[in-house]
Protein chains: 2
Amino acid sequence: MAPDPPASRGPLRPAELDRTSPVPLYFQVASRLQELIEAGEIGVGDRIENEVDLAGRLGVSRPTIRRAIQYLVERGMLVRKRGVGTQVVHPKVRRPVELSSLYDDLVSADRKPRTEVLRLEVVPAPAEVATALELPDGTEVTWIERLRYAGGEPLALMHNAIPLGVIHLEASDLAAHGLYELLRRAGHQPRIATQVIGARSAGAAEARILAEKRGASLLTMTRTAWDAGGRALEYGSHVYRASRYSFELNLSAG
Amino acid sequence: MAPDPPASRGPLRPAELDRTSPVPLYFQVASRLQELIEAGEIGVGDRIENEVDLAGRLGVSRPTIRRAIQYLVERGMLVRKRGVGTQVVHPKVRRPVELSSLYDDLVSADRKPRTEVLRLEVVPAPAEVATALELPDGTEVTWIERLRYAGGEPLALMHNAIPLGVIHLEASDLAAHGLYELLRRAGHQPRIATQVIGARSAGAAEARILAEKRGASLLTMTRTAWDAGGRALEYGSHVYRASRYSFELNLSAG
DNA sequence: GTCAATACTTTGTCCTGACAAACTCACATG
DNA sequence: CATGTGAGTTTGTCAGGACAAAGTATTGAC
(Lines give C-alpha, C1' and ligand atoms only; values in the text may rest on other atoms or scores of the structure.)
Protein backbone atom coordinates (compact mmCIF):
# COMPACT_ATOMS: atom_id res chain seq x y z
CA MET A 1 0.00 0.00 0.00
CA ALA A 2 1.34 3.41 -0.92
CA PRO A 3 1.92 5.69 2.04
CA ASP A 4 -0.32 8.71 2.39
CA PRO A 5 1.12 11.90 0.94
CA PRO A 6 2.89 13.86 3.65
CA ALA A 7 0.53 16.09 5.59
CA SER A 8 2.95 18.92 5.07
CA ARG A 9 1.78 19.44 1.50
CA GLY A 10 -1.82 19.82 2.51
CA PRO A 11 -4.76 20.80 0.37
CA LEU A 12 -4.62 24.53 1.11
CA ARG A 13 -3.19 26.48 -1.81
CA PRO A 14 -1.66 29.95 -1.81
CA ALA A 15 -3.71 30.85 -4.90
CA GLU A 16 -6.88 30.62 -2.82
CA LEU A 17 -6.04 33.74 -0.87
CA ASP A 18 -7.20 37.03 -2.27
CA ARG A 19 -5.23 39.98 -0.99
CA THR A 20 -7.45 42.47 -2.77
CA SER A 21 -10.53 41.24 -0.93
CA PRO A 22 -11.85 43.24 1.99
CA VAL A 23 -12.17 39.96 3.86
CA PRO A 24 -9.21 39.70 6.24
CA LEU A 25 -6.56 37.18 5.32
CA TYR A 26 -6.84 35.35 8.62
CA PHE A 27 -10.54 34.89 8.01
CA GLN A 28 -9.97 33.63 4.49
CA VAL A 29 -7.55 31.05 5.84
CA ALA A 30 -9.92 30.04 8.65
CA SER A 31 -12.90 29.70 6.31
CA ARG A 32 -10.95 27.60 3.86
CA LEU A 33 -9.65 25.36 6.62
CA GLN A 34 -13.15 24.97 7.97
CA GLU A 35 -14.43 23.96 4.55
CA LEU A 36 -11.71 21.36 4.15
CA ILE A 37 -12.50 19.90 7.54
CA GLU A 38 -16.25 19.91 7.05
CA ALA A 39 -15.79 18.28 3.67
CA GLY A 40 -13.71 15.59 5.33
CA GLU A 41 -10.57 16.33 3.31
CA ILE A 42 -8.85 16.76 6.64
CA GLY A 43 -10.27 14.06 8.86
CA VAL A 44 -10.83 13.90 12.58
CA GLY A 45 -7.57 13.05 14.32
CA ASP A 46 -5.44 14.37 11.47
CA ARG A 47 -2.81 16.89 12.31
CA ILE A 48 -2.71 20.01 10.18
CA GLU A 49 0.51 21.49 8.86
CA ASN A 50 2.52 23.35 11.46
CA GLU A 51 2.13 27.09 11.70
CA VAL A 52 5.53 28.08 10.40
CA ASP A 53 5.38 25.92 7.28
CA LEU A 54 1.78 26.87 6.58
CA ALA A 55 2.62 30.53 6.85
CA GLY A 56 5.60 30.13 4.56
CA ARG A 57 3.71 28.11 1.98
CA LEU A 58 0.72 30.47 1.86
CA GLY A 59 2.92 33.52 1.86
CA VAL A 60 1.44 35.09 4.98
CA SER A 61 2.96 35.76 8.36
CA ARG A 62 2.76 33.39 11.28
CA PRO A 63 0.52 35.68 13.37
CA THR A 64 -2.04 35.60 10.56
CA ILE A 65 -2.00 31.82 10.49
CA ARG A 66 -2.19 31.70 14.28
CA ARG A 67 -5.22 33.94 14.27
CA ALA A 68 -6.96 31.76 11.71
CA ILE A 69 -6.26 28.62 13.71
CA GLN A 70 -7.26 30.33 16.94
CA TYR A 71 -10.60 31.13 15.37
CA LEU A 72 -11.28 27.46 14.70
CA VAL A 73 -9.95 26.40 18.10
CA GLU A 74 -12.49 28.67 19.76
CA ARG A 75 -15.18 26.96 17.73
CA GLY A 76 -14.12 23.55 18.94
CA MET A 77 -12.95 22.19 15.58
CA LEU A 78 -9.25 22.19 16.32
CA VAL A 79 -7.06 21.55 19.34
CA ARG A 80 -3.51 22.81 19.65
CA LYS A 81 -0.84 21.25 21.81
CA ARG A 82 2.49 22.84 22.36
CA GLY A 83 5.30 20.67 21.11
CA VAL A 84 2.85 18.43 19.30
CA GLY A 85 0.80 20.26 16.74
CA THR A 86 -2.75 21.14 15.86
CA GLN A 87 -5.31 18.41 15.46
CA VAL A 88 -8.83 18.17 14.13
CA VAL A 89 -11.19 17.04 16.87
CA HIS A 90 -14.60 17.70 15.37
CA PRO A 91 -15.70 17.72 11.77
CA LYS A 92 -18.19 20.50 12.17
CA VAL A 93 -18.40 23.76 14.01
CA ARG A 94 -19.99 23.60 17.35
CA ARG A 95 -21.30 27.06 17.67
CA PRO A 96 -20.90 28.17 21.28
CA VAL A 97 -24.62 28.64 21.34
CA GLU A 98 -27.21 29.73 18.89
CA LEU A 99 -28.61 33.13 19.55
CA SER A 100 -31.30 32.83 16.93
CA SER A 101 -35.02 32.95 16.84
CA LEU A 102 -37.43 30.08 16.83
CA TYR A 103 -38.64 31.17 13.40
CA ASP A 104 -35.20 30.81 11.82
CA ASP A 105 -34.76 27.43 13.45
CA LEU A 106 -38.07 26.20 12.11
CA VAL A 107 -37.33 27.48 8.62
CA SER A 108 -34.02 25.67 8.50
CA ALA A 109 -35.69 22.52 9.81
CA ASP A 110 -38.29 22.93 7.04
CA ARG A 111 -41.14 22.85 9.50
CA LYS A 112 -43.11 25.57 7.71
CA PRO A 113 -43.61 28.17 10.41
CA ARG A 114 -46.57 30.50 10.47
CA THR A 115 -47.13 33.38 12.83
CA GLU A 116 -50.38 34.85 14.09
CA VAL A 117 -49.95 38.27 15.67
CA LEU A 118 -52.37 38.44 18.58
CA ARG A 119 -51.32 41.80 19.95
CA LEU A 120 -49.03 44.65 18.90
CA GLU A 121 -49.14 47.87 20.86
CA VAL A 122 -47.13 50.35 22.86
CA VAL A 123 -47.59 49.99 26.62
CA PRO A 124 -45.71 50.98 29.78
CA ALA A 125 -43.36 48.16 30.67
CA PRO A 126 -44.48 46.04 33.61
CA ALA A 127 -42.01 46.16 36.50
CA GLU A 128 -40.52 42.76 35.71
CA VAL A 129 -39.94 43.65 32.08
CA ALA A 130 -38.48 47.06 32.89
CA THR A 131 -36.03 45.44 35.30
CA ALA A 132 -34.97 42.86 32.75
CA LEU A 133 -34.38 45.51 30.09
CA GLU A 134 -32.68 47.81 32.59
CA LEU A 135 -35.15 50.61 31.82
CA PRO A 136 -36.72 53.08 34.26
CA ASP A 137 -40.01 51.84 35.65
CA GLY A 138 -42.99 52.58 33.45
CA THR A 139 -40.96 53.27 30.28
CA GLU A 140 -43.02 52.55 27.21
CA VAL A 141 -42.16 49.53 25.14
CA THR A 142 -43.59 47.78 22.12
CA TRP A 143 -45.52 44.78 23.38
CA ILE A 144 -46.07 41.80 21.13
CA GLU A 145 -48.01 38.60 21.54
CA ARG A 146 -47.66 36.00 18.85
CA LEU A 147 -48.83 32.47 18.27
CA ARG A 148 -46.32 30.44 16.34
CA TYR A 149 -47.38 27.44 14.26
CA ALA A 150 -45.20 24.75 12.74
CA GLY A 151 -46.43 22.21 10.26
CA GLY A 152 -49.97 23.52 10.70
CA GLU A 153 -50.05 22.99 14.46
CA PRO A 154 -49.67 25.58 17.21
CA LEU A 155 -46.25 25.34 18.78
CA ALA A 156 -45.57 28.32 21.00
CA LEU A 157 -47.17 31.36 22.55
CA MET A 158 -44.70 34.21 22.58
CA HIS A 159 -44.66 37.51 24.45
CA ASN A 160 -42.06 40.15 23.69
CA ALA A 161 -41.21 43.63 24.86
CA ILE A 162 -38.95 45.84 22.78
CA PRO A 163 -37.72 49.28 23.82
CA LEU A 164 -39.05 52.09 21.62
CA GLY A 165 -36.40 53.36 19.29
CA VAL A 166 -34.89 49.96 18.69
CA ILE A 167 -37.22 49.12 15.84
CA HIS A 168 -40.63 50.01 14.46
CA LEU A 169 -42.71 46.90 13.95
CA GLU A 170 -45.73 46.20 11.77
CA ALA A 171 -48.00 43.23 12.25
CA SER A 172 -47.44 42.24 8.63
CA ASP A 173 -43.67 42.10 9.15
CA LEU A 174 -44.07 39.97 12.24
CA ALA A 175 -46.41 37.62 10.43
CA ALA A 176 -43.85 36.97 7.73
CA HIS A 177 -40.54 37.08 9.58
CA GLY A 178 -38.88 36.13 12.82
CA LEU A 179 -38.26 38.87 15.34
CA TYR A 180 -34.50 38.36 15.26
CA GLU A 181 -34.46 38.64 11.49
CA LEU A 182 -36.30 41.96 11.74
CA LEU A 183 -33.89 43.16 14.40
CA ARG A 184 -30.90 42.27 12.29
CA ARG A 185 -32.39 44.04 9.29
CA ALA A 186 -32.76 47.14 11.41
CA GLY A 187 -29.07 46.90 12.16
CA HIS A 188 -29.30 45.33 15.60
CA GLN A 189 -27.18 42.28 16.13
CA PRO A 190 -28.01 40.46 19.35
CA ARG A 191 -24.77 39.47 20.99
CA ILE A 192 -25.37 38.67 24.60
CA ALA A 193 -28.43 37.16 26.20
CA THR A 194 -29.54 35.64 29.44
CA GLN A 195 -32.13 32.93 29.32
CA VAL A 196 -34.07 31.04 31.90
CA ILE A 197 -35.63 27.79 30.79
CA GLY A 198 -38.22 26.08 32.94
CA ALA A 199 -41.42 24.11 32.73
CA ARG A 200 -44.93 24.21 34.12
CA SER A 201 -48.38 22.86 33.48
CA ALA A 202 -50.72 24.53 31.04
CA GLY A 203 -53.56 26.63 32.41
CA ALA A 204 -56.97 26.45 30.79
CA ALA A 205 -56.50 29.43 28.46
CA GLU A 206 -53.02 28.43 27.35
CA ALA A 207 -54.13 24.88 26.78
CA ARG A 208 -56.97 26.05 24.55
CA ILE A 209 -54.77 28.34 22.46
CA LEU A 210 -52.04 25.75 22.08
CA ALA A 211 -54.41 22.85 21.43
CA GLU A 212 -53.13 20.93 24.41
CA LYS A 213 -54.99 19.33 27.28
CA ARG A 214 -55.20 21.30 30.46
CA GLY A 215 -52.29 20.37 32.71
CA ALA A 216 -50.05 19.38 29.80
CA SER A 217 -46.38 20.16 30.27
CA LEU A 218 -45.15 23.39 28.74
CA LEU A 219 -41.57 24.55 28.31
CA THR A 220 -41.06 28.13 29.35
CA MET A 221 -38.27 30.44 28.29
CA THR A 222 -37.62 34.03 29.24
CA ARG A 223 -34.80 35.85 27.58
CA THR A 224 -33.24 39.27 27.55
CA ALA A 225 -30.91 40.10 24.69
CA TRP A 226 -28.38 42.93 24.30
CA ASP A 227 -26.43 44.14 21.32
CA ALA A 228 -22.67 44.55 21.19
CA GLY A 229 -22.97 48.03 22.66
CA GLY A 230 -24.74 46.74 25.75
CA ARG A 231 -28.08 48.14 24.65
CA ALA A 232 -31.10 46.05 25.63
CA LEU A 233 -32.82 44.84 22.47
CA GLU A 234 -35.54 42.49 23.53
CA TYR A 235 -37.27 40.81 26.42
CA GLY A 236 -39.21 37.66 25.68
CA SER A 237 -41.36 35.34 27.73
CA HIS A 238 -42.49 32.32 25.79
CA VAL A 239 -44.23 29.00 26.36
CA TYR A 240 -43.74 26.01 24.10
CA ARG A 241 -45.63 22.76 23.81
CA ALA A 242 -43.23 20.33 25.40
CA SER A 243 -44.72 17.55 23.30
CA ARG A 244 -43.53 19.28 20.14
CA TYR A 245 -40.43 21.23 21.06
CA SER A 246 -37.20 21.14 22.99
CA PHE A 247 -34.11 23.31 23.22
CA GLU A 248 -30.85 22.15 21.80
CA LEU A 249 -27.68 23.88 22.94
CA ASN A 250 -24.04 23.53 22.14
CA LEU A 251 -21.89 24.75 24.96
CA SER A 252 -18.22 25.40 25.19
CA ALA A 253 -16.23 26.40 28.21
CA GLY A 254 -13.01 28.35 28.08
CA MET B 1 -16.23 70.72 41.86
CA ALA B 2 -12.81 69.50 40.78
CA PRO B 3 -12.79 67.79 37.42
CA ASP B 4 -12.14 64.09 37.37
CA PRO B 5 -8.56 63.17 36.63
CA PRO B 6 -8.18 62.57 32.91
CA ALA B 7 -9.02 59.01 31.93
CA SER B 8 -5.72 58.84 30.11
CA ARG B 9 -3.87 58.46 33.39
CA GLY B 10 -6.02 55.58 34.49
CA PRO B 11 -5.73 53.43 37.56
CA LEU B 12 -3.57 50.75 35.98
CA ARG B 13 0.07 51.10 37.03
CA PRO B 14 3.15 49.66 35.33
CA ALA B 15 4.44 48.45 38.70
CA GLU B 16 1.58 45.96 38.85
CA LEU B 17 3.02 43.87 36.05
CA ASP B 18 5.45 41.13 36.97
CA ARG B 19 7.68 40.11 34.12
CA THR B 20 9.25 37.32 36.12
CA SER B 21 5.91 35.65 36.68
CA PRO B 22 4.98 32.62 34.57
CA VAL B 23 1.57 34.24 34.11
CA PRO B 24 1.55 35.81 30.63
CA LEU B 25 1.66 39.58 30.53
CA TYR B 26 -1.52 39.86 28.49
CA PHE B 27 -3.32 37.85 31.14
CA GLN B 28 -1.96 39.98 33.96
CA VAL B 29 -3.26 43.06 32.18
CA ALA B 30 -6.64 41.47 31.49
CA SER B 31 -7.06 40.27 35.07
CA ARG B 32 -6.19 43.66 36.49
CA LEU B 33 -8.56 45.42 34.14
CA GLN B 34 -11.30 43.00 35.06
CA GLU B 35 -10.72 43.68 38.74
CA LEU B 36 -10.91 47.41 38.22
CA ILE B 37 -14.15 47.07 36.31
CA GLU B 38 -15.73 44.66 38.76
CA ALA B 39 -14.74 46.94 41.63
CA GLY B 40 -16.42 49.81 39.83
CA GLU B 41 -13.25 51.88 39.53
CA ILE B 42 -13.93 51.94 35.84
CA GLY B 43 -17.68 52.35 35.52
CA VAL B 44 -20.11 51.16 32.89
CA GLY B 45 -20.01 53.52 29.94
CA ASP B 46 -16.50 54.74 30.70
CA ARG B 47 -13.97 54.57 27.96
CA ILE B 48 -10.66 52.97 28.81
CA GLU B 49 -7.36 54.42 27.73
CA ASN B 50 -6.52 53.83 24.09
CA GLU B 51 -4.35 50.90 23.19
CA VAL B 52 -1.28 52.81 22.12
CA ASP B 53 -1.08 55.00 25.22
CA LEU B 54 -1.86 52.10 27.53
CA ALA B 55 0.87 50.03 25.93
CA GLY B 56 3.36 52.89 26.22
CA ARG B 57 2.47 53.63 29.80
CA LEU B 58 2.63 50.02 30.95
CA GLY B 59 5.78 49.37 29.00
CA VAL B 60 4.39 46.53 26.93
CA SER B 61 3.70 46.26 23.23
CA ARG B 62 0.40 47.06 21.62
CA PRO B 63 -0.31 43.43 20.58
CA THR B 64 -0.07 42.44 24.24
CA ILE B 65 -2.57 45.11 25.23
CA ARG B 66 -4.82 44.13 22.36
CA ARG B 67 -4.79 40.54 23.46
CA ALA B 68 -5.73 41.52 27.00
CA ILE B 69 -8.59 43.69 25.80
CA GLN B 70 -9.73 41.04 23.35
CA TYR B 71 -9.98 38.61 26.23
CA LEU B 72 -12.42 40.88 28.05
CA VAL B 73 -14.33 41.69 24.87
CA GLU B 74 -14.99 37.99 24.38
CA ARG B 75 -16.36 37.87 27.90
CA GLY B 76 -18.79 40.68 27.17
CA MET B 77 -17.26 43.22 29.56
CA LEU B 78 -15.80 45.54 26.95
CA VAL B 79 -16.80 46.72 23.50
CA ARG B 80 -14.37 48.15 20.99
CA LYS B 81 -15.31 50.53 18.20
CA ARG B 82 -12.87 51.52 15.53
CA GLY B 83 -12.26 55.22 15.52
CA VAL B 84 -14.00 55.58 18.87
CA GLY B 85 -12.34 53.55 21.57
CA THR B 86 -13.03 50.76 24.02
CA GLN B 87 -15.92 51.05 26.43
CA VAL B 88 -17.10 49.16 29.48
CA VAL B 89 -20.55 47.71 28.83
CA HIS B 90 -21.01 45.31 31.72
CA PRO B 91 -19.55 45.37 35.18
CA LYS B 92 -19.18 41.64 35.47
CA VAL B 93 -18.15 38.80 33.27
CA ARG B 94 -20.89 37.08 31.44
CA ARG B 95 -19.50 33.67 31.00
CA PRO B 96 -20.52 32.38 27.58
CA VAL B 97 -22.23 29.52 29.30
CA GLU B 98 -21.65 27.54 32.40
CA LEU B 99 -20.50 24.04 31.83
CA SER B 100 -20.82 23.05 35.43
CA SER B 101 -22.69 20.49 37.39
CA LEU B 102 -25.92 20.93 39.26
CA TYR B 103 -24.08 20.14 42.47
CA ASP B 104 -21.65 23.03 42.10
CA ASP B 105 -24.51 25.37 41.27
CA LEU B 106 -26.42 24.34 44.37
CA VAL B 107 -23.38 24.71 46.59
CA SER B 108 -22.74 28.23 45.39
CA ALA B 109 -26.40 29.07 45.87
CA ASP B 110 -26.12 27.68 49.40
CA ARG B 111 -28.95 25.26 48.85
CA LYS B 112 -27.29 22.43 50.75
CA PRO B 113 -27.21 19.64 48.20
CA ARG B 114 -27.30 15.98 49.17
CA THR B 115 -26.89 13.04 46.87
CA GLU B 116 -28.28 9.54 47.17
CA VAL B 117 -26.60 7.03 44.89
CA LEU B 118 -29.29 4.63 43.68
CA ARG B 119 -27.19 2.62 41.28
CA LEU B 120 -23.52 2.37 40.34
CA GLU B 121 -22.40 -0.44 38.06
CA VAL B 122 -20.69 -1.31 34.82
CA VAL B 123 -23.11 -2.23 32.04
CA PRO B 124 -23.06 -2.41 28.24
CA ALA B 125 -24.14 0.98 26.91
CA PRO B 126 -27.68 1.08 25.51
CA ALA B 127 -27.72 1.98 21.83
CA GLU B 128 -28.80 5.56 22.46
CA VAL B 129 -26.03 6.15 24.97
CA ALA B 130 -23.37 4.52 22.81
CA THR B 131 -24.37 6.75 19.90
CA ALA B 132 -24.23 9.86 22.03
CA LEU B 133 -20.78 8.98 23.34
CA GLU B 134 -19.60 7.91 19.89
CA LEU B 135 -18.68 4.47 21.19
CA PRO B 136 -19.11 1.12 19.45
CA ASP B 137 -22.41 -0.52 20.25
CA GLY B 138 -22.42 -2.51 23.46
CA THR B 139 -19.23 -0.96 24.87
CA GLU B 140 -19.23 -1.14 28.64
CA VAL B 141 -19.74 2.06 30.57
CA THR B 142 -20.14 3.05 34.20
CA TRP B 143 -23.83 3.61 34.79
CA ILE B 144 -24.95 5.86 37.60
CA GLU B 145 -28.35 6.74 38.97
CA ARG B 146 -28.51 9.46 41.59
CA LEU B 147 -31.21 11.32 43.44
CA ARG B 148 -30.23 14.88 44.19
CA TYR B 149 -31.73 16.77 47.13
CA ALA B 150 -31.55 20.47 47.83
CA GLY B 151 -32.66 22.01 51.08
CA GLY B 152 -33.94 18.64 52.26
CA GLU B 153 -36.23 18.10 49.30
CA PRO B 154 -35.74 15.90 46.27
CA LEU B 155 -34.86 17.97 43.24
CA ALA B 156 -33.62 15.80 40.42
CA LEU B 157 -33.26 12.23 39.28
CA MET B 158 -30.03 11.83 37.38
CA HIS B 159 -28.76 9.10 35.07
CA ASN B 160 -25.21 9.13 33.79
CA ALA B 161 -23.03 6.97 31.61
CA ILE B 162 -19.26 7.36 31.68
CA PRO B 163 -16.82 5.50 29.43
CA LEU B 164 -14.56 3.12 31.31
CA GLY B 165 -11.07 4.50 31.61
CA VAL B 166 -12.21 8.05 32.08
CA ILE B 167 -12.57 7.74 35.82
CA HIS B 168 -13.09 5.17 38.52
CA LEU B 169 -16.03 6.11 40.71
CA GLU B 170 -17.00 5.09 44.21
CA ALA B 171 -20.46 5.59 45.63
CA SER B 172 -18.97 7.48 48.55
CA ASP B 173 -17.31 10.00 46.21
CA LEU B 174 -20.53 10.53 44.33
CA ALA B 175 -22.45 11.05 47.55
CA ALA B 176 -20.11 13.84 48.63
CA HIS B 177 -19.20 15.54 45.37
CA GLY B 178 -20.59 16.58 42.02
CA LEU B 179 -19.72 14.47 39.02
CA TYR B 180 -17.99 17.36 37.27
CA GLU B 181 -15.84 18.04 40.29
CA LEU B 182 -14.74 14.41 40.33
CA LEU B 183 -14.01 14.54 36.61
CA ARG B 184 -11.90 17.64 37.01
CA ARG B 185 -9.98 16.07 39.87
CA ALA B 186 -9.20 13.14 37.64
CA GLY B 187 -7.75 15.58 35.15
CA HIS B 188 -10.70 15.77 32.79
CA GLN B 189 -11.87 19.25 31.93
CA PRO B 190 -15.19 19.26 30.11
CA ARG B 191 -14.95 21.77 27.31
CA ILE B 192 -17.69 21.12 24.82
CA ALA B 193 -21.16 19.79 25.38
CA THR B 194 -24.42 19.40 23.58
CA GLN B 195 -27.58 19.62 25.60
CA VAL B 196 -31.22 19.06 24.87
CA ILE B 197 -33.67 20.58 27.30
CA GLY B 198 -37.31 19.61 27.24
CA ALA B 199 -40.25 18.91 29.48
CA ARG B 200 -42.77 16.19 30.11
CA SER B 201 -45.19 14.97 32.72
CA ALA B 202 -44.08 12.77 35.57
CA GLY B 203 -44.88 9.08 35.42
CA ALA B 204 -46.02 7.30 38.55
CA ALA B 205 -42.58 6.02 39.59
CA GLU B 206 -40.82 9.31 38.96
CA ALA B 207 -43.49 11.21 40.79
CA ARG B 208 -43.09 9.00 43.82
CA ILE B 209 -39.32 9.30 43.92
CA LEU B 210 -39.38 13.07 43.42
CA ALA B 211 -42.27 13.69 45.82
CA GLU B 212 -44.40 15.22 43.10
CA LYS B 213 -47.92 14.43 42.01
CA ARG B 214 -48.35 12.17 39.04
CA GLY B 215 -48.56 14.29 35.90
CA ALA B 216 -46.55 17.15 37.38
CA SER B 217 -44.30 18.96 34.94
CA LEU B 218 -40.69 17.84 34.86
CA LEU B 219 -37.77 19.47 33.12
CA THR B 220 -35.62 17.04 31.19
CA MET B 221 -32.04 17.50 30.16
CA THR B 222 -29.78 15.19 28.24
CA ARG B 223 -26.19 16.14 27.77
CA THR B 224 -23.02 14.77 26.25
CA ALA B 225 -19.75 16.39 27.23
CA TRP B 226 -16.30 16.16 25.64
CA ASP B 227 -12.90 17.27 26.83
CA ALA B 228 -10.53 19.52 24.90
CA GLY B 229 -9.11 16.54 23.07
CA GLY B 230 -12.51 15.55 21.73
CA ARG B 231 -12.80 12.57 24.05
CA ALA B 232 -16.32 11.81 25.25
CA LEU B 233 -16.46 12.22 29.03
CA GLU B 234 -20.05 11.85 30.04
CA TYR B 235 -23.58 11.22 28.91
CA GLY B 236 -26.35 12.34 31.20
CA SER B 237 -30.13 12.08 31.12
CA HIS B 238 -31.75 13.92 33.97
CA VAL B 239 -35.21 14.97 35.12
CA TYR B 240 -35.78 17.95 37.40
CA ARG B 241 -38.84 19.05 39.33
CA ALA B 242 -39.99 22.04 37.31
CA SER B 243 -41.57 23.50 40.43
CA ARG B 244 -38.14 23.76 42.05
CA TYR B 245 -35.64 24.24 39.28
CA SER B 246 -34.95 26.04 36.04
CA PHE B 247 -31.95 26.51 33.79
CA GLU B 248 -30.24 29.81 33.57
CA LEU B 249 -27.94 30.47 30.65
CA ASN B 250 -25.81 33.34 29.54
CA LEU B 251 -25.30 33.26 25.83
CA SER B 252 -23.02 35.20 23.59
CA ALA B 253 -22.83 35.13 19.83
CA GLY B 254 -19.74 35.95 17.86
C1' DG C 1 17.28 -3.74 27.92
C1' DT C 2 16.12 0.33 30.89
C1' DC C 3 16.30 4.78 31.88
C1' DA C 4 17.91 9.37 31.82
C1' DA C 5 19.95 13.11 29.25
C1' DT C 6 19.82 15.56 24.87
C1' DA C 7 18.28 17.32 20.41
C1' DC C 8 14.43 18.52 17.77
C1' DT C 9 9.79 20.00 16.70
C1' DT C 10 5.90 22.76 17.54
C1' DT C 11 3.09 26.04 19.76
C1' DG C 12 3.10 30.16 23.24
C1' DT C 13 4.45 34.77 24.26
C1' DC C 14 6.21 39.20 23.14
C1' DC C 15 8.38 42.91 20.47
C1' DT C 16 8.67 46.69 16.75
C1' DG C 17 6.85 48.73 12.89
C1' DA C 18 3.59 49.94 9.28
C1' DC C 19 -0.58 51.01 6.92
C1' DA C 20 -5.85 50.73 6.47
C1' DA C 21 -10.50 51.61 7.91
C1' DA C 22 -13.99 53.66 10.72
C1' DC C 23 -15.46 57.17 13.50
C1' DT C 24 -15.57 62.16 15.49
C1' DC C 25 -15.40 66.82 15.11
C1' DA C 26 -14.08 71.33 13.57
C1' DC C 27 -14.25 74.16 9.68
C1' DA C 28 -15.06 75.90 5.15
C1' DT C 29 -18.44 76.26 1.56
C1' DG C 30 -22.72 76.81 -0.65
C1' DC D 1 -28.22 77.17 8.32
C1' DA D 2 -27.13 72.84 6.23
C1' DT D 3 -23.60 70.05 4.34
C1' DG D 4 -19.69 67.80 3.21
C1' DT D 5 -14.69 67.98 3.37
C1' DG D 6 -10.69 66.97 5.70
C1' DA D 7 -7.74 66.40 9.75
C1' DG D 8 -7.17 63.78 13.82
C1' DT D 9 -8.02 59.74 16.73
C1' DT D 10 -8.51 54.96 17.56
C1' DT D 11 -9.00 50.27 16.49
C1' DG D 12 -8.14 46.52 12.69
C1' DT D 13 -4.95 43.94 9.96
C1' DC D 14 -0.46 42.26 8.74
C1' DA D 15 4.65 41.55 8.59
C1' DG D 16 8.83 39.56 10.45
C1' DG D 17 11.67 38.33 14.12
C1' DA D 18 13.12 36.47 18.68
C1' DC D 19 13.08 33.55 22.53
C1' DA D 20 10.52 30.34 25.93
C1' DA D 21 8.08 26.19 27.13
C1' DA D 22 6.22 21.73 26.30
C1' DG D 23 6.12 17.53 24.16
C1' DT D 24 8.47 13.80 21.18
C1' DA D 25 12.15 11.14 19.53
C1' DT D 26 16.80 9.91 19.63
C1' DT D 27 20.91 8.80 21.78
C1' DG D 28 23.98 7.34 25.29
C1' DA D 29 25.19 5.40 29.76
C1' DC D 30 24.68 1.79 32.85
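Lettering of chains follows the sequences in order, A, B, ..., and the numbering in each one begins at 1.
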Whole angstrom is fine here: how far is it from CD in B:Glu51 over to C1' in C:dA20? 14 Å
Donor-acceptor contact below 3.5 Å, side chain B:Gln28 vs main chain B:Val23: yes
Options C:dC15, C:dT10, D:dT11, nucleotide nearest the side-chain atoms of B:Thr64: C:dC15
Positive for salt bridge (Lys or Arg N to Asp or Glu O under 4.0 Å) with A:Glu51, one of A:Arg67, A:Arg57, A:Arg80: A:Arg80
Closest approach of B:Asp137 to B:Ala130 (non-hydrogen atoms, all atoms of both residues): OD1-CB, 4.1 Å
Just how far, in rounded Å, is C1' of C:dT10 from CD of A:Gln70? 15 Å
Figure out the CG/C1' separation between B:Asn50 and C:dT24, and round it to whole Å. 14 Å
Ranking D:dG16, D:dT13, C:dC14 by distance to the side chain of B:Ser61, first place goes to C:dC14
Quick one, which residues of residues 19-27 of chain B touch DNA chain D with a heavy atom under 4.0 Å? none
With sugar-phosphate meaning primed atoms plus P, OP1 and OP2, does A:Arg62 contact a base, only sugar-phosphate, or nothing at under 4.0 Å between heavy atoms? base
How long is the line joining CD1 of A:Ile48 and P of C:dT10, in whole Å? 12 Å
To the nearest Å, how far apart are A:Ile65 CD1 and D:dT13 P? 15 Å
So, OP1 or OP2 of C:dT10: does either fall under 4.0 Å of a side-chain N or O from A:Thr86? no
Separation of atom CD in B:Gln87 from atom P in D:dT10, rounded to whole Å: 13 Å
With a 4.0 Å cut-off on heavy atoms, is B:Arg66 in touch with a base, just the backbone sugar-phosphate, or nothing at all? base
Looking at D:dG16, D:dT11, D:dT13, which one has an atom nearest to any side-chain atom of A:Arg67? D:dT13
Between A:Leu120 and A:Leu169 the two heavy atoms that sit nearest each other are CD2-O, 3.8 Å
Of the candidates D:dA15, D:dG12, D:dA22, the side chain of A:Arg82 sits closest to D:dA22
With distance as the sole criterion, is a donor-acceptor pair present between the side chains of B:Glu234 and B:Asn160 under 3.5 Å? yes
Taking atom P of C:dG12 as reference, at what distance in whole Å does atom CG of A:Leu78 sit? 11 Å
How about B:Glu140: does its CD atom have over 12 heavy atoms from other parts shown lying under 6.0 Å from it? yes
Whole-Å distance, A:Lys81 NZ to D:dT24 C1', equals 13 Å
Do B:Tyr71 and B:Tyr26 make the cut of ring centroids closer than 6.0 angstrom? no
Go through C:dT10, C:dT24, D:dT11 for me and flag the one nearest to the A:Arg47 side chain. C:dT10
